[in-house]
Amino acid sequence: MTQPVYIAFEGPEACGKSTQAQRLAESIGAVLTRETGGTDIGAQLRSILHNVDTVGLDDHAETLIVAADRAQHLAEVVRPALEGGEHVVSDRSVYSSLAYQGYGRGLPVDDVRRINEWAIGSTWPDLVILLETDDATLERRMNERDLDRIEQAGSDFHRRVREGFAEMAAADPTRWYVVDASTPADETAATIRKVVSERLGI
Ligand code: TMP
């Protein structure tokens, strides 16, 4: 039997990663899941995090709430699936916290990593697919939807998040793969499927 793998999709909002995560999960027969809100308990935490009525949430508190969502997600969904021999495809992962709470909010990235290492019990994704798209496309897609609390954080915040993702991908190229998501969705999906096959043998 092939060793089960844990694949995460990362990237800015509105880059098409949810669609691509779903397509890959279907193609390899993986459990499809997400952060934040991949469990019932996580859905409650997600509403605190994303609701625009949540005013004055401290950055440290935000980091801990996201880490709590993740601890629950790993315990309830990801680890049981892997232990049961199933592949897991997740729309976002621990790397979103490093990018958003670390690079974006400006908290020390090492602190965010340490807290999350504890939360996830050292279960890091085997492969991270980072979807990148050009600024104009992102801006157009963001303008088409109602923005949640984190999405409303402003363009400098989102620039730092994107730089953080790019920096992490460059520093760990065997774990990360960067894909141009401005190509047609079918083409992007085919590229991702090929990389998963080459890197993970599935
Ligand atoms: P999404 O459901 O569209 O992927 O949005 C999730 C939002 O939550 C997005 O704005 C990024 C943010 N987020 C964090 O700030 N930290 C995290 O660790 C995760 C998983 C998401």
Side-chain angles (χ1 to χ4, degrees), residues 6-25 32-54 57-78 88-121 123-125 128-133 137-166 168 181:
Y6 173 21
I7 302 171
F9 280 75
E10 296 286 3
E13 290 81 358
C15 67
K17 70 185 165 35
S18 304
T19 308
Q20 292 298 334
Q22 188 181 351
R23 291 183 67 153
L24 178 67
L32 174 66
T33 187
R34 66 186 270 200
E35 292 182 7
T36 53
T39 62
D40 288 347
I41 292 168
Q44 296 183 51
L45 297 171
R46 184 179 164 91
S47 71
I48 300 172
L49 286 166
H50 300 294
N51 196 327
V52 288
D53 296 333
T54 301
L57 182 64
D58 175 72
D59 292 345
H60 295 79
E62 177 181 281
T63 303
L64 291 167
I65 295 171
V66 185
D69 168 87
R70 179 163 302 120
Q72 187 66 31
H73 182 231
L74 269 285
E76 194 180 319
V77 179
V78 179
V88 174
V89 170
S90 183
D91 183 350
R92 296 200 185 278
S93 73
V94 57
Y95 290 107
S96 278
S97 271
L98 302 185
Y100 283 84
Q101 280 65 52
Y103 291 88
R105 297 290 189 213
L107 297 177
V109 176
D110 281 345
D111 289 353
V112 179
R113 186 179 286 112
R114 234 185 344 264
I115 288 160
N116 277 280
E117 168 76 9
W118 184 72
I120 66 178
T123 306
W124 291 77
V128 188
I129 311 274
L130 175 61
L131 272 72
E132 275 197 340
T133 188
T137 308
L138 274 181
E139 204 166 310
R140 182 174 46 74
R141 290 188 191 158
M142 293 283 272
N143 286 340
E144 283 166 1
R145 53 196 240 177
D146 290 336
L147 301 185
D148 72 20
R149 192 186 62 86
I150 296 176
E151 287 169 341
Q152 286 177 353
S155 56
D156 280 353
F157 171 86
H158 289 287
R159 182 185 42 74
R160 290 195 297 276
V161 169
R162 294 181 69 184
E163 287 170 0
F165 277 131
M168 289 190 282

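Start at 1 and go down the list; that is how both ligands and their atoms are numbered.
At least one donor-acceptor pair under 3.5 Å links the side chain of R141 to the backbone N or O of A14. At least one donor-acceptor pair closer than 3.5 Å links the side chain of E10 to the backbone N or O of S93.
Residues satisfying the side-chain hydrogen bond (donor to acceptor under 3.5 Å, both in side chains) criterion with T19, sequence neighbours excluded, are absent altogether.
Exactly one of R46, R70, R92 qualifies for a salt bridge (charged side-chain N to carboxylate O under 4.0 Å, His left out) with E35. That residue is R70.
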Pick out the protein N or O atoms lying less than 3.5 Å from any N or O of ligand 1, and list each pair with its distance.
{"unit_1": "ligand 1", "atom_1": "2 (O)", "unit_2": "R46", "atom_2": "NH1", "d": "3.2"}
{"unit_1": "ligand 1", "atom_1": "2 (O)", "unit_2": "R46", "atom_2": "NH2", "d": "3.2"}
{"unit_1": "ligand 1", "atom_1": "4 (O)", "unit_2": "K17", "atom_2": "NZ", "d": "3.0"}
{"unit_1": "ligand 1", "atom_1": "4 (O)", "unit_2": "R92", "atom_2": "NE", "d": "2.6"}
{"unit_1": "ligand 1", "atom_1": "10 (O)", "unit_2": "E13", "atom_2": "OE2", "d": "2.5"}
{"unit_1": "ligand 1", "atom_1": "15 (O)", "unit_2": "Q101", "atom_2": "NE2", "d": "2.9"}
{"unit_1": "ligand 1", "atom_1": "16 (N)", "unit_2": "Q101", "atom_2": "OE1", "d": "2.8"}
{"unit_1": "ligand 1", "atom_1": "18 (O)", "unit_2": "R70", "atom_2": "NH2", "d": "2.8"}
{"unit_1": "ligand 1", "atom_1": "18 (O)", "unit_2": "S97", "atom_2": "N", "d": "3.2"}
{"unit_1": "ligand 1", "atom_1": "18 (O)", "unit_2": "S97", "atom_2": "OG", "d": "2.8"}

Would you please test E13 and R145 for salt bridge (Lys or Arg N to Asp or Glu O under 4.0 Å) and show each step?
CA-CA 11 Å; E13 290 81 358; R145 53 196 240 177; over 6 Å; no
May I have the step-by-step check of side chain to side chain contact (heavy atoms under 4.5 Å, CB included) for F165 and Y103, ending in yes or no?
CA-CA 9 Å; F165 277 131; Y103 291 88; over 6 Å; no
